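Since this is a predicted model, take the numbers as computed values, not measurements. Letters A, B, ... are given to chains in the order of the sequence lines, protein chains preceding strands, and every chain is numbered from 1.
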Amino acid sequence: MGAEERRDRLGELAPDLLAELDADDEEEDDALPDLPNADEYDEIRMRLAPNPNGPWHLGNARMPSVIGTYKQQYDGWMLCRFDDTDPETKRPDLDAYDAILDAVDYLGFEPDEVVRASDRMETYYDHARELIDEGGAYTCSCPAEEFRSMKADAEACPHRDKPAETVREEFDAMVDGDYESGEMVLRVKTDIEHKNPALRDFVAFRMVDTPHPREEASDYRAWPMLDFQSGVDDHLTGITHIIRGIDLQDSAKRQRFVYDYFGWEYPEVLHWGHVQIDAYDVAMSTSTIKAEIADGELTGWDDPRAPTLASVRRRGIRGEAVVESMVELGVSTTNVDLAMSSVYANNRELVDDGADRRFLVRNGELLPVAGDDRPDAGHPPLHPNHDDRGDRDIPVDDAVRLEPDDVPADGERVWLKGYGCLRYEAASENADAADGDGGAGGELVWTGDDISAVREDGVPVVHWVPAEENVRVRLRTMDGDVFGRAEPGFASYEPDDVVQFERVGFARYDGTDDGVTVAYYAHP
RNA sequence: GCUCCGAUAGUGUAGUCCGGCCAAUCAUAUUGCCCUCUCACGGCAAUGACCAGGGUUCGAAUCCCUGUCGGAGCACCA
């Protein structure tokens, strides 16, 4: 019994079971596990909280991929909040704000709202003052190192029990910029004897002398730390579910102290491990990539060797393929390796049906073609599974180019796909030199064999281009640039069109540069 | 040093909460065969895993303990 038949039978015998089966199938499409306590909320509200200190690398795609997919799964709401509260160490890159939104769009998602933390400073100040009045924070002028050692010994610093009025005054002075960097911080009073040293009194605000790169925020000097800013914002924007990296595991525990002072309820929170990606030599870190570009080792954020979203995008890999792979990784807290082959497999599935087939001959060897009754053109199909799309028309003049590995031995035949069967005849005097790389030295002679030569005699089928009428191509790959020649039809594409170079792989048409057509290699 | 978290095939994942239907799911990868005028697509098959040791139990991937390995935090970074 086939699958269809079994299904029909089940439908007759037990319609309930069949319905259940269908329901299961639908759930599997979502692939992500249910969010904790999802049904306790009227609306699932999540946020992306990128630091705009540079364009995104591939690992950054995990956050929007998973959160965006959850948004779809629950018909929820998604905020993109730029956590740009460090004008110095992780200084925002003004171009990155748009680059990141563009990347989210490429992945196929749209935030319901976009905010910048640096626009919300007054809100953070207001909440800090309220926290001070609650007795939940104190200004502290201990040098960082001294406080650190006191904290290690679970010892309170002398500033911890200042009256709220004094704290208020000193905090206002911080806001007014009356202190220099390092002179004064505002700390949240947690539990200085907490057994986990990571949770003892943490900094909520510190002074930064360097002005913020955004003009609107350049006058602020007292900047909130992530744990304070993010905690306040998550509550004010009604976030129900936070998903973030394991490096922020202790953040929730720290922020809960603030939430307790305010009488707020902490959102559901999930943590995941770091993503590593195979297949790249370059380290996947914003700062490393930035440095490689500055050194000229990479040509830009979209260099095919760069592990960035801009790069895979330029290679013709669809955002959807990246999202699927990220979703397949799930949300476990272990560190995971993403195999690029998974992205490639997903992308191949997306583009294969629509990609025209074309020939690209890399490092081709020039071979004259002889034979009086040979056809003057080859006509391979545009797509093997779609006859209705028609054939290509590739003229054969006096010679063709083949990839060196495809040039047959003397006397052997080869089938030029869409054209026909030819026999290689090395030049008699220098047959030994035939496989030198300067040129084969022989010629291809039309044999007139029909397709049974391929089916029964095993003559290899190869791709080829005409010697004269072809398109010079620079194929940019992860391993560097490759030069070759494509069939004439390759000249007629638009940027972003994806083709499959037969027996080479999928590639995205990029444009022309100084008479050479540029394509980006995607994957096999 | 203190504190948290984790460990299922090459990779990722399901199952773990509520022990039996798990000699462990699915995808990808690799290999072979079929199809094919591509090494694509499609079809079939093979390969391959419960970190280790104890304990509880009639029964443990699942519960408990110990160990090993890995990760994270203890920043005036995010």
Side-chain angles (χ1 to χ4, degrees), chain A residues 28 31 33 49-53 83-86 88-91 117 140-145 147-148 151-152 154 179 181-187 194-200 202-208 222-223 225-227 229-230 244-251 253-254 271 273-278 286 324-346 348-349 351-353 355 357-359 378-381 383-385 415-421 450-451 453-455 459-463 500-506 523-524:
Chain A
E28 273 172 43
N51 179 337
N53 63 337
D83 283 351
D84 56 348
T85 53
D86 179 6
E88 203 166 79
T89 317
K90 290 192 176 168
R91 187 174 174 77
C140 171
S141 55
C142 291
E145 292 212 356
F147 188 86
R148 192 177 308 146
K151 182 169 74 172
Y179 301 103
S181 166
E183 284 184 343
M184 188 68 81
V185 298
L186 183 76
R187 287 185 193 282
H194 200 285
K195 66 171 182 171
N196 183 348
L199 307 188
R200 298 172 189 161
F202 61 92
V203 174
F205 285 82
R206 86 296 203 184
M207 303 303 298
V208 181
W223 285 92
M225 302 290 288
L226 175 84
D227 283 326
Q229 172 267 123
S230 169
R244 62 186 165 202
I246 42 170
D247 45 333
L248 265 21
Q249 267 178 131
D250 291 333
S251 269
K253 294 170 186 160
R254 279 194 285 261
H271 294 99
H274 296 289
V275 195
Q276 294 195 344
I277 300 190
D278 65 0
T286 305
E324 279 173 21
S325 292
M326 288 295 176
V327 167
E328 282 163 15
L329 291 183
V331 288
S332 75
T333 67
T334 32
N335 290 349
V336 294
D337 289 338
L338 172 65
M340 276 309 284
S341 59
S342 157
V343 177
Y344 298 158
N346 285 324
R348 196 180 294 124
E349 197 176 322
V351 302
D352 182 62
D353 198 63
R357 268 48 178 175
R358 294 291 179 182
F359 291 152
H379 299 284
H383 193 111
N385 304 342
W415 186 283
L416 303 199
K417 182 169 177 176
Y419 183 63
C421 193
D450 66 20
I451 194 62
V454 171
R455 290 181 181 152
V459 171
V461 176
V462 304
H463 55 292
Q500 187 207 43
F501 287 128
E502 296 193 62
R503 307 210 303 146
V504 176
F506 292 90
H523 50 76

*Separation between the P atoms of B/C63 and B/C21, rounded to whole Å*: 16 Å

*Find the partner of B/C2: check Watson-Crick (N1-N3 plus N6-O4 or O6-N4) and G-U wobble (N1-O2, O6-N3) distances, both under 3.5 Å, and reply none if neither fits.*
B/G73

*Salt-bridge present (A/R455, A/D450; N to O < 4.0 Å)*: no

*Rounded to whole angstrom, note down the P distance from B/U8 over to B/A45.*
28 Å

_Output the rounded distance in Å from CZ (A/R503) to C1' (B/C41)._
17 Å

*When the nearest nucleotide of RNA chain B is assigned to A/N346 and to A/L416 on a heavy-atom basis, which residue is associated with the more 5' position?*
A/N346

*So which one's nearest nucleotide on RNA chain B is more toward 5', A/K253 or A/R357?*
A/K253

*From A/I246 CD1 over to A/H274 NE2, what is the distance, rounded to the nearest 0.5 angstrom?*
4.5 Å

*With heavy atoms under 4.0 Å as the rule, sort A/P381 into base, sugar-phosphate or nothing.*
nothing

*Measure the shortest side-chain to side-chain distance between A/S341 and A/H523 over non-hydrogen atoms and say whether it is less than 4.5 angstrom.*
no

*How many Å lie between CH2 on A/W415 and P on B/U38, as a whole number?*
11 Å

*Between atom CZ in A/R358 and atom P in B/C39, what is the gap in whole Å?*
19 Å

_Suppose you measure atom P in B/G1 against the same atom in B/U25; what distance do you get, rounded to whole Å?_
42 Å

*For A/G273, which contact category applies under a 4.0 Å heavy-atom criterion: base, sugar-phosphate, or nothing?*
nothing

*Now, which nucleotide makes the Watson-Crick or G-U wobble pair with B/G12, with each of the two distances under 3.5 Å?*
B/C26

*If the sugar-phosphate is the primed atoms plus P, OP1 and OP2 and the base is the rest, what is the B/S/- string for nucleotides 69-78 of chain B, using protein heavy atoms under 4.0 Å?*
--BSBBSBBB

*Using the C1' atom in both, what is the distance from B/U66 to B/A75, to the nearest Å?*
35 Å

_In the structure I gave you, are the side-chain heavy atoms of A/H463 and A/V504 within less than 4.5 Å of one another anywhere?_
yes

*Does B/C51 pair with anything, Watson-Crick or G-U wobble, both distances under 3.5 Å, and if so, with which nucleotide?*
B/G67

*Can you find a pair of side-chain heavy atoms, one from A/Q229 and one from A/D84, that are under 4.5 Å apart?*
no

*A/Q500 vs A/R358 side-chain heavy atoms within contact, under 4.5 Å*: no

*asked:* Without decimals, in angstroms, what is the distance between A/E324 CD and B/G12 P?
replied: 19 Å

*In Watson-Crick or G-U wobble terms, both distances under 3.5 Å, what is the partner of B/C21?*
none

*How long is the line joining CZ of A/R348 and C1' of B/A40, in whole Å?*
8 Å

*asked:* Please classify the nucleic acid contact of A/F506 as base, sugar-phosphate, or nothing, using heavy-atom distances under 4.0 Å.
replied: sugar-phosphate

*Under 6.0 Å from the CD atom of A/E183, do we count more than 12 heavy atoms belonging to anything else shown?*
yes

*Across all strands shown, which nucleotide pairs with B/U57 by Watson-Crick or G-U wobble geometry, both distances under 3.5 Å?*
none

*For B/U38, the Watson-Crick or wobble partner whose two distances fall under 3.5 Å*: none

*Provide the distance between the two P atoms, one in B/U57 and one in B/A52, to the nearest whole Å.*
23 Å

*According to the Watson-Crick and G-U wobble definitions, with both distances under 3.5 Å, which nucleotide is paired to B/C33?*
B/G43

_Separation of the P atoms in B/G6 and B/A23, to the nearest angstrom_ = 26 Å

*asked:* Between B/A60 and B/A72, how far apart are the two C1' atoms, rounded to whole Å?
replied: 30 Å

*Is there side-chain contact between A/F359 and A/P380, with heavy atoms separated by less than 4.5 Å?*
yes

*Would you kindly give the CG-to-P distance between A/N385 and B/G43, to the nearest whole Å?*
12 Å

*Shortest non-hydrogen contact from A/P384 toward A/R357*: CD-NE, 3.7 Å

_Measure CG/A/L338 against C1'/B/G10 and give the value in whole Å, please._
14 Å

*Nucleotide of B/C37, B/G12, B/U38 approaching A/Q500 most closely (side-chain heavy atoms)*: B/U38

_In whole Å, measure the gap between the C1' atoms of B/G10 and B/G73 for me._
31 Å

*What is the distance, rounded to the nearest whole Å, between atom CG of A/L329 and atom P of B/A29?*
15 Å

